[in-house]
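One structure is given below, encoded as structure tokens.
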Amino acid sequence: MKTRKLVNKLRKELKKVKAYKEQMEQLTDQQLSGLTASFKERYEKGESLDKILPEAFAAMCEADKRVLGMYPFDVQIMAGVALHQGYLAEMNTGEGKTLTATLPMYLNGLTGEGAILVTNNEYLALRDAEEMGPAYRFMGLSVMAGVKRDEDDRFENDEKKEIYKADIVYTTHSALGFDYLINNLVKSASDRFLRPFNFIIIDEADSVLLDSASTPLVISGAPRVQSNLYESADFFVRTLRENEDYEVEEKNVWFTEKGLEYAEEYFGIDNIFAPEYFEIYRHLVLALRAHKIIEKGTEYMISENGEVALIDASSGRTLKGVKLRGGQHQAIECKERLELSQENRSMASITYQNFFSMFPKMSGMSGTIYDAKDELYDVYGKQVVVIPTNNPIQRVDCPDWYFSDSKKQFEAAIRLAVKKHDTGQPVLIVTTMIADTEIISHLLVEKGLPHSVLNANNAFWEADIIKEAGQMGAMTVATSMAGRGTDIKLGPGVKELGGLAVIGVGRMLNIRDERQARGRSGRQGDPGYSRFIVSLEDDIVEKGTDLEKIQKYIDGTKRISDRKIKRIVNSAQKINEELGSTNRKTSKDYDVVLQLERKLMYDTRDMLLDGGTVEKDRLLRIAEDNVDLFLKENKELDVTTLNRYLLDNISYRMEKDSGYLNLKNRNRVKAYIMARVEQSLEEKKASIDSESAMNDFVRVSALSAIDEAWIEQVDYLQQLQAAVSGRSSAQRNLMFEYHAEALESFRKMENSIKRNIIRNVLLSEVSMDKKNRLHIILP
Ligand code: ADP
Ligand code: MG
């Protein structure tokens, strides 16, 4: 739908809400909060939320006014409707998204099925839960925060149940995502804490849905046995010649035919793609990527304590405790000749794209989301609606200044900052990278200007500083993402001086980041100023341009016009945005298979956890499949192999009669094994006297078989992803190969589940104690 039409539609709903305004004002507190019960009743009787919306919104508006002292503006009510209807709402920074969310959260909270709001850091989640909480509670809904201030401090299982039982939950996207994965690793139904998903609002939606989307959530489990292949692979890769043995294109690298032959020769193997050499091949690809496309300085750096620290592209910060998966991190460590860190197996993983798509109702809000509307529509099927501002924007966004080199650029930034500062106007200098905040800070010190620098990785601390950035005479230096979501209020007398001045140093990774930076100023119709100062030495130019071609301009041997600089810088930014979008799409495509498999596995687990079991007939059919597979794999069957199979899968008891079987007669052999299966199963039944205990036993056996195989599969797919990329050449279809192999491995996994279910049932030691409790020791 066209934006204007959409906004008109929202306006209509607004009118309906406002029609109840006076009526709500007349109510006593008790009458007002009493409405919750009547809305709930109407909902339970079958009335839709859409129908209840006007009254419920009006009631919540009134509650917001009485409890929080703020009555939502018309545009906020309209945005609230959009959020309820599942749109992504672009609302400028400072327009009051936090308050807006109370309306759809309340309405959807009435269902009793839970409404969740996620945002991108703990600070914001806790702040919003604390600040908005009283209004919901006044209306009789329960509110919880799903994160703690200290991220290392974990909730107990019981606490999580308490949290997710609440009508309204404020949390972060990563806390919620991890909880989802954990919830699907529990061993018994009573350990589950999540309810089925219902409604979710994503605050700072572009950051959550886009910036976080290329790295999936991964839960790591047991450490993997350290491979000694890293070093030999590293050594091998150092001997390769570009375009002969391997080719590089943008962010991809692969072996040529020649390179593969060389590898086979080097490692003394005949076919590097054979399954038995998968590990060698995988390590080669990891080493190749580590050397040829993962750049030191832009993607990672070596921290003071000698570790590989990843760099977050959007903030320029190092990512604390984050490692590349599938062995890539270790390959980089090897390249840098550092001690290899422990590699953990992946137990569960999901991309944010797939995670959020599981919510029946999802919506989002942000100050900067319109620029990504096409991608958001493609990936999430969500439409962006731009909500008008409450007051016209007064901020003056000045045209960029262009320079050929960074020295002139930084000097100009400082000059501008000083000029603004001299009048008392608060100045916020925004840079693309941490390193630049330090340079700026240095230059300010030289001028004797006191200032604050935001470059710690702590949202709580940042929020405290940035809040003060609007005071008279304040000078703040920060990266673009620092303190996102924190309101900068203007101090007394600052309006008269022109509000907050934002000076951007360097072209940002994408337009959204730039608008986010400008949006720091001019909130709620305040005056404000913004200007970006750009140069050919901006980090982004380095990534998207042929550096040799522009060197002559940078070192001043040739003059360049502003127009030309503008063209170079803009196109570099565009390339970078497209790259980001491609990465996110790739990450999602990889997850397609996993998503299907995950759903199947989680559904099966849920069925079992909820008391379902595998009936005897089904067990026998599974056993039969296993036997068929066994016979297929052993065309020439001998007694030893048969006895081994019986011992490994069916019964620890040796029987001599297998020696009399005619092993050439397949049907006979099959019937014989199946008879042994039935016998063994009957014996198990006899040792467990009740039917329900037997069901419990089978359930535990099946769950364990599934989990073991599934965790293996998740881990394998993670590794495969890293490995398969090195196999691509211009003609090959990477994703196709990945999907084919993933499917193949899924079939293998199914077989191993089947085998393990039967093994677990038939070979477990199981007994009942005096209190009739089941004791199981799995084989
Ligand atoms: P956003 O998330 O959109 O950037 P916030 O939710 O942080 O904005 O709100 C910015 C400021 O506006 C907050 O200080 C908030 O208290 C104030 N505010 C929001 N809505 C209203 C309102 N309807 N009436 C008065 N103040 C409001
Ligand atoms: Mg906000």
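Note that the coordinates shown come from a computational prediction; the quantities given were computed from them, not determined experimentally. Counting convention: from 1, in listed order, for ligands and their atoms alike.
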> What residue pairs, at least two apart or across chains, pass ring pair (Phe, Tyr, Trp, His ring centres under 6.0 Å) with a residue in residues 115-145?
Replying inline: Tyr123-Phe460
>> Taking non-hydrogen atoms within less than 4.0 Å of ligand 1, which protein residues qualify?
In response: Met70, Tyr71, Pro72, Phe73, Gln76, Asn92, Thr93, Gly94, Glu95, Gly96, Lys97, Thr98, Leu99, Asp487, Lys489
>> Could you work out, with side chain to side chain donor-acceptor pair (under 3.5 Å) as the rule, every residue matching Ser441, not counting sequence neighbours?
In response: His451
> Less than 4.0 Å between a side-chain N and a carboxylate O, is that true for Asp211 and Arg512?
Replying inline: yes
> Would you call Thr479 and Thr437 a side-chain contact if the rule is heavy atoms closer than 4.5 Å?
Replying inline: yes
Hey, can you pull the donor-acceptor pairs under 3.5 Å for the side chains in residues 52-71, sequence neighbours left out?
from, atom 1, to, atom 2, distance (Å)
Glu55, OE1, Arg42, NH1, 3.2
Glu55, OE1, Arg42, NH2, 3.2
Glu55, OE2, Arg42, NH1, 3.2
Glu62, OE2, Arg66, NE, 2.9
Glu62, OE2, Arg66, NH2, 3.3
Asp64, OD2, Thr102, OG1, 2.8
Arg66, NH1, Leu27, O, 3.1
Arg66, NH1, Asp29, OD1, 2.8
Arg66, NH2, Met24, O, 3.2
Arg66, NH2, Glu25, O, 3.4
Arg66, NH2, Leu27, O, 2.8

> Does the side chain of Phe356 come within less than 4.5 Å of His173's, by heavy atoms?
Replying inline: yes
